[in-house]
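Just so it is clear, the values below take in all heavy atoms, side chains as well, and ignore hydrogens, waters and symmetry mates. In this chain, residues are counted from 1 in sequence order.
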Amino acid sequence: MIRVLLVDDQSIIREGLSSLLEAKPDIEVVGEAENGQQAVEQALSLQPDVVLMDVRMPVMDGVAALRSLRQKAPEIKVLILTTFDDDDYINQAIRQGAKGYLLKDTPSEELAQAIRAVHKGYSQMGPGILEKVMVATPSTPQPKIPPEWEHLTPREKEVLELIAKGMNNREIAETLFISERTVKNHVNSILSRLNLRDRTQAAILANSLYK
């Protein structure tokens with residue numbers, strides 16, 4: 001069971017999300033908070049697996065809450081769910097350790113899938129969000145091809161190219177006619193061989209190589 005803490009300053013949003021997520025057999029809403037300060041307090045107390053959090057809130061915003069949680073409970077994963085697709089919010093959230101960034105018009109089933117993915121350690125970006133992350137710091141040099149690139153197998157390079165196209169594990173599996181478990185193993189191997197932190201870094205590197 002994936003234990004989720006909901007953080008949003010609008011009670012009607014929290015109630016709606018709670019109803020949607022509680023309908024999923026593998027997700028349990030263990031608490032709610034209406035600002036970042038409460039989010040940190042509740043997270044430390046309840047120890048949820050995933051915090052589903054807005055960015056713009058009173059008392060303490062989501063970015064400040066992210067920073068605090070990264071220092072006090074780095075094992076708790078945070079998935080941003082907001083109406084704001086502002087480049088600055090996105091960039092700050094990712095820099096402070098958010099595992100994903102989605103907009104509130106995300107369909108309920110996709111939201112549930114994103115929570116499951118984040119719980120497993122994968123990064124999740126809504127449509128257009130990854131592109132904003134990539135162009136948010138144009139002065140940053142594009143990633144160079146690491147020497148470890150040559151250590152990748154031909155299949156791993158295929159998987160990386162499909163990651164660059166924005167495909168998830170299921171879509172990659174269907175494209176290459178392999179199982180999702182095999183795709184997951186390839187992704188883990190790619191991250192290890194290239195010394196990358198997560199799928200987002202892999203996607204950014206892949207886009208620089210395959211553009």
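The closest donor-acceptor contact from the side chain of Ser19 to the backbone of Glu15 lies under 3.5 Å. No donor-acceptor pair closer than 3.5 Å links the side chain of Lys77 to the backbone N or O of Gly121. Glu22 places a side-chain N or O within donor-acceptor distance of the main-chain N or O of Val29, the cut-off being under 3.5 Å. At distances below 3.5 Å, not a single donor-acceptor pair connects side-chain atoms of Ser192 with backbone N or O atoms of Asn188. A donor-acceptor contact shorter than 3.5 Å links the side chain of Glu156 to the backbone of Thr153. The main-chain N or O of Asn91 is never found under 3.5 Å from a side-chain atom of Asp88 such that the two would form a donor-acceptor pair. Glu110 places no side-chain N or O within 3.5 Å of a backbone atom of Thr106 that could act as its donor or acceptor partner.
When all heavy atoms of Gly62 and Met57 are compared, the pair lying nearest together is N-CE, 3.7 Å. When all heavy atoms of Asp9 and Pro58 are compared, the closest pair comes out as CB-CD, 3.6 Å. Scanning both residues, Ala112 and Lys24, for their nearest heavy atoms gives CB-CE, 3.9 Å. Minimum heavy-atom separation, Val55 to Phe84: CG2-CD1, 4.1 Å.
Under the 4.5 Å side-chain heavy-atom criterion for Ile, Leu, Val, Met, Phe, Trp and Tyr, Leu102 and Leu69 are members of distinct hydrophobic clusters. No single ILVMFWY cluster, assembled from side-chain heavy atoms under 4.5 Å apart, contains both Tyr122 and Leu79. If you chain together hydrophobic residues whose side chains sit under 4.5 Å apart, Val118 and Leu66 never meet in one group. Side-chain heavy atoms closer than 4.5 Å link hydrophobic residues (I, L, V, M, F, W, Y) into clusters, and following such links, possibly through other members, connects Met125 to Met53. Residues Val63 and Met60 are members of separate hydrophobic clusters, defined by side-chain heavy-atom contacts under 4.5 angstrom among Ile, Leu, Val, Met, Phe, Trp and Tyr.
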field: Worked verdict on Arg116 versus His119 for side-chain contact (heavy atoms from CB on, under 4.5 Å)
entry: CA-CA 5 Å; Arg116 296 180 185 113; His119 178 239; 5.6 Å; no
message: Leu176 vs Arg155, test: side-chain contact (heavy atoms from CB on, under 4.5 Å). Steps then yes/no.
response: CA-CA 9 Å; Leu176 298 179; Arg155 178 64 89 184; 3.4 Å; yes
task: In sequence, state the C-alpha distance, the side-chain angles, and the governing distance for Lys184 and Glu180, and then conclude on side-chain contact (heavy atoms from CB on, under 4.5 Å).
output: CA-CA 6 Å; Lys184 181 179 179 181; Glu180 286 190 54; over 6 Å; no
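Among pairs with a residue in residues 37-82, none fulfils ring pair (Phe, Tyr, Trp, His ring centres under 6.0 Å), at least two apart in sequence or across chains.
With contacts defined as side-chain heavy-atom distances shorter than 4.5 Å, the pair Ile80/Tyr89 does not qualify. Taking the side chain as every heavy atom from C-beta outward, Leu81 and Leu111 approach each other to under 4.5 Å. Proximity of Leu194 to Leu152: side-chain heavy atoms (C-beta onward) are separated by under 4.5 Å at one or more points. Two residues are said to be in side-chain contact when any heavy atoms from C-beta on lie closer than 4.5 Å; Leu162 and Val183 fail this criterion. Residues Ile115 and Leu21 form a side-chain contact, since some pair of their non-hydrogen atoms from C-beta on lies under 4.5 Å apart. In this structure the side chain of Ile172 never reaches within 4.5 angstrom of the side chain of His186, judged on heavy atoms.
To the nearest 0.5 Å, the span separating CD1 on Ile163 from CG on Leu191 amounts to 7.0 Å. Atom CG of Leu6 sits about 12.5 Å away from atom OG of Ser11, to the nearest 0.5 Å. Going from atom CZ of Arg70 over to atom CD1 of Ile76 covers 14.5 Å, rounded to the nearest 0.5 Å. Atom OG1 of Thr82 sits about 5.0 Å away from atom OH of Tyr101, to the nearest 0.5 Å. Atoms CD and CE, from Glu161 and Met167 in turn, are 9.5 Å apart once rounded to the nearest 0.5 Å.
With sequence neighbours excluded, the residues that form a salt bridge (Lys or Arg N to Asp or Glu O under 4.0 Å) with Glu174 are Arg170.
For the residue pair Asn168 / Arg199, no side-chain donor-acceptor distance below 3.5 Å is found, with atom types taken as modelled.
We find that Asp8 and Lys104 are joined by a salt bridge, their nearest charged nitrogen and carboxylate oxygen being less than 4.0 Å apart.
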List the atom pairs, with distances to 0.1 Å, where a side-chain N or O of residues 39-52 and a protein N or O form a donor-acceptor pair under 3.5 Å, not counting sequence neighbours.
unit_1 : atom_1 : unit_2 : atom_2 : d
Gln42  : NE2    : Glu32  : O      : 2.9
Gln47  : NE2    : Leu44  : O      : 3.2
Asp49  : OD2    : Arg3   : N      : 2.8

